[in-house]
**Q** 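Please read through the structure below; I'll follow up with questions.
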Amino acid sequence: MINLTFNHEHLADFLSDEELLIMQDEVSVCHDMLINKTGKGNDFLGWVDLPAEIDEALLSSIEEDARKIREIAEVFVVIGIGGSYLGARAVIEALNHPFAGMMNSGKKSPVVIYAGNSISQDYHASLLELLSEKDYAVAVISKSGTTTEPAVAFRILKAHLEKKYGKESARERIISITDKSRGALKKLSTDEGYKTYVIPDDVGGRFSVLTPVGLLPIAVAGYDIRQLVAGAKAMREACIITPSILDNPASRYAAIRNSLYRMGKQVEILVNYEPSLQYITEWWKQLYGESEGKEGEGIFPAGVGFTTDLHSMGQYIQDGQRMIFETVITVDSPAKMLNIPHDNADLDGMNFIAGKSLNEVNQMATLGTVLAHIDGDVPNLGISLPKLNEETIGELLYFFEFACGLSGYILGVNPFDQPGVEAYKKNMFALLGKPGYEKESDAIRARINGE
Ligand code: PA5
């Protein structure tokens, strides 16, 4: 039994059920490739069964380490980039108090912050200023163990930790999450004696949220990782049991987005009406962008937060180039109550909604926008969650992962590699004079100098 519902009730003007069902044979083939691991990139399909296979010992160990970190740290720094931090951040920010860290009351959990997801000098220098004032611990997360951004950030924070606490105590504040045998981070962790968790060989970064990559930071933030896994497990069962477009929500989503793409809708925007879901969108953008954008193909994944972005991107979506479809995530029940007060003077003219909850107004804004966008030739898909908690977010994550695998296969690409990411790295290393890049250095300098 799953809580998430996926609906395409507003799609009729763009795609009939009959047209959609034409996709069933393609979807069935791709579904079979995914669950029987026979398609492209099949050595990276460990995530498909992950929620059903996570063992008790791993969960207990993560919970125990999280408990220790919560005792010693006011701040927990997650060092990682791409799939090595976005999943954790998506879940934590979806569940966190939006003003976590600034409240004097309520649950006291370490504030989770992020490093090594950019090479910004000002960001990292400012982070050191904060960490000089706080007790902190660090997770350094890199599957390859060779990624520049987290490696540089960890080098900086390791030195800071060792200076602040001494080498022995610093070691107790560092957890490394990396490949079981390869990469510089694995060697460094072994040499330094850090507690280390393994990222399974067959799980790629952007599909790794249900490994220690996501689970450790989420547990440190105080959330129930067992409920998260339980939600993902329930969704997995709904996704693997049948390829049917009618019965499997992930099949339906994958089929619809590919049908719309073939009709010229090349951009999908993921829309939310809750600021706390911003990083679910960022995680989703990476998942779909890196999985599908290759070989000259792929739906461009973009994200907006409404109603905020109705006052920025709203104009384009309603009225610009007609290449967009949207998928709207809604949450039925807010966790907190807040009504709009009556005001005798009514100078802002808002008494017509006095007494209503803010959520009712948000819901009407949602419906009004969906209808306006349909009128503006923007097909609309909907994902609704009854409420935001670990279980429903677990469902949402797995739903998107499974649909992404299916959708990439329908598109005809390998959804589990990312060859395009190497291009900037090659140039950066050549420009920085990395040993082994001498030929590339000469070539790029000649290019810059117009030779
Ligand atoms: O999904 C992916 O594979 C990537 O986004 C990686 O997660 C990202 O590049 C970070 O790689 P690594 O964990 O090896 O440092």
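Here the structure is a predicted model, which is why all the values come from computation and not from measurement. Ligands are counted one by one from 1 in listed order, and the atoms in each one are counted from 1 as well. These values consider heavy atoms only, across backbone and side chains, with no hydrogens, waters or symmetry-generated copies.
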**Q** Compute whether any side-chain donor of one residue and acceptor of the other, for His160 and Ser132, lie under 3.5 angstrom apart.
**A** yes
**Q** How are the rings of Tyr85 and Tyr114 set to each other: parallel, tilted or perpendicular (split at 30° and 60°)?
**A** tilted
**Q** Compute whether any side-chain donor of one residue and acceptor of the other, for Thr38 and Asp32, lie under 3.5 angstrom apart.
**A** no
**Q** Is the positively charged end of Arg173 above the ring of Tyr165, judged by distance under 6.0 angstrom from the centroid and angle within 45° of the axis?
**A** yes
**Q** Name the residues with a heavy atom less than 4.0 Å from ligand 1?
**A** Ile81, Gly82, Gly83, Ser84, Ser142, Lys143, Ser144, Thr147, Gly205, Arg206, Gln286, Glu290, Gln418
**Q** Report yes or no: is the cationic atom of Arg257 (NZ for Lys, CZ for Arg) closer than 6.0 Å to the six-membered ring centre of Tyr253, at no more than 45° off its axis?
**A** yes
**Q** Phe14: which residues meet the ring pair (Phe, Tyr, Trp, His ring centres under 6.0 Å) condition with it, sequence neighbours left out?
**A** none
